[in-house]
Amino acid sequence: MTTTDTDFDPTQFDSAARPDIDGLRGKYGFVPNIAGVLGHSPEALRGYLDLSNHFDRCGLSFAERQVVLIAASVANGCEYCVAAHSAGAKMDATLHETVTALRTGESLADPRLEALRRLTAEMVQRRGWPREETLTRFFSVGFQKSQLLDVVLGVALKTLTNYTNHLAAPELDRQFAGEKWLVEAKSEGDEC
């Protein structure tokens, strides 16, 4: 969107968000544009940070969390978040092929991660009503009920940031530019 009613300058956040913005700058060395946009509402920024912290501590491994974040962002068509999470996930060299497959809507080679990808995509696409066979497959590869709720937490986190990005269309940070992703580039067959 480019209407003046929804233009959010990520450098013009609410002053009450300054402590959280400064914390992000200290942690990452820069303030991601999405955080600056969310900073227009200090409570939205705080909600994002709290959800992120809880998701980081959930019962899913680092690789599994990246699958949830990228799969949800692909399903929501969020170019910013796909790029940002691709850059973050690729800090683990073992995830390069997984990230590439997630970005193009291909099945993942690892059956556990593929079950997680399918569940996450269906949770987004079917508004929280995954197919019974998708749930059966999810549990058959060793996931627990608690991890099903961890997926819901990750989808909630991505709903907040994906929708914010859709409304505000922040510029992609240079730190993520190497992972730029366009909705048009995603596979036609990514419907799970």
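Between R131 and R118, the closest side-chain pair of non-hydrogen atoms is not below 4.5 Å. The side-chain heavy atoms of I70 and S86, taken from C-beta on, include a pair separated by under 4.5 Å. A heavy-atom distance below 4.5 Å is not found between the side chains of V99 and Q66. At a threshold of 4.5 Å between non-hydrogen side-chain atoms, the residues L148 and L135 count as touching. Taking 4.5 Å as the limit, some side-chain heavy atom of V151 sits within range of a side-chain heavy atom of L116. When side chains are defined from C-beta on, L157 counts as touching L69, because their heavy atoms get closer than 4.5 Å.
R57 is linked by a side chain to side chain donor-acceptor pair (under 3.5 Å) to H54, counting only residues two or more places apart in sequence or in another chain. Qualifying ring pair (Phe, Tyr, Trp, His ring centres under 6.0 Å) partners for F13, counting only residues two or more places apart in sequence or in other chains: none. Checked against side chain to side chain donor-acceptor pair (under 3.5 Å), D173 has the following partners two or more places apart in sequence or in another chain: N33, Y80. The side chain to side chain donor-acceptor pair (under 3.5 Å) search around R112 returns E64, not counting sequence neighbours. T134 is linked by a side chain to side chain donor-acceptor pair (under 3.5 Å) to E122, counting only residues two or more places apart in sequence or in another chain. Under the ring pair (Phe, Tyr, Trp, His ring centres under 6.0 Å) criterion, Y48 pairs with no residue, sequence neighbours left out. Contacts of A156 classified as side chain to side chain contact (heavy atoms under 4.5 Å, CB included), with partners at least two apart in sequence or in another chain: none.
Judged by distance alone, with hydrogens and angles left aside, the side-chain atoms of Q147 form no donor-acceptor pair with the main-chain N or O of L60 at under 3.5 Å.
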Could you give the side-chain donor-acceptor pairs of residues 21-31 under 3.5 Å, partners two or more places apart or in another chain?
from	atom 1	to	atom 2	distance (Å)
D22	OD1	R25	NH1	3.1

Side-chain donor-acceptor distances from residues 34-45 under 3.5 Å, at least two apart:
from	atom 1	to	atom 2	distance (Å)
H40	NE2	D9	O	2.9
S41	OG	A44	N	3.2

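Within the structure, the salt bridge (charged side-chain N to carboxylate O under 4.0 Å, His left out) test picks out the following pairs touching residues 83-96 (sequence neighbours left out): K90-E179. For residues 125-152, the ring pair (Phe, Tyr, Trp, His ring centres under 6.0 Å) pairs, not counting sequence neighbours, are F138-F143. Applying the salt bridge (charged side-chain N to carboxylate O under 4.0 Å, His left out) rule to pairs touching residues 140-160 yields nothing, sequence neighbours excluded.
Side-chain polar atoms of E106 and T104 form a donor-acceptor pair below 3.5 angstrom.
Closest of all the heavy-atom pairs between K180 and R103 is O-NH2, 2.9 Å.
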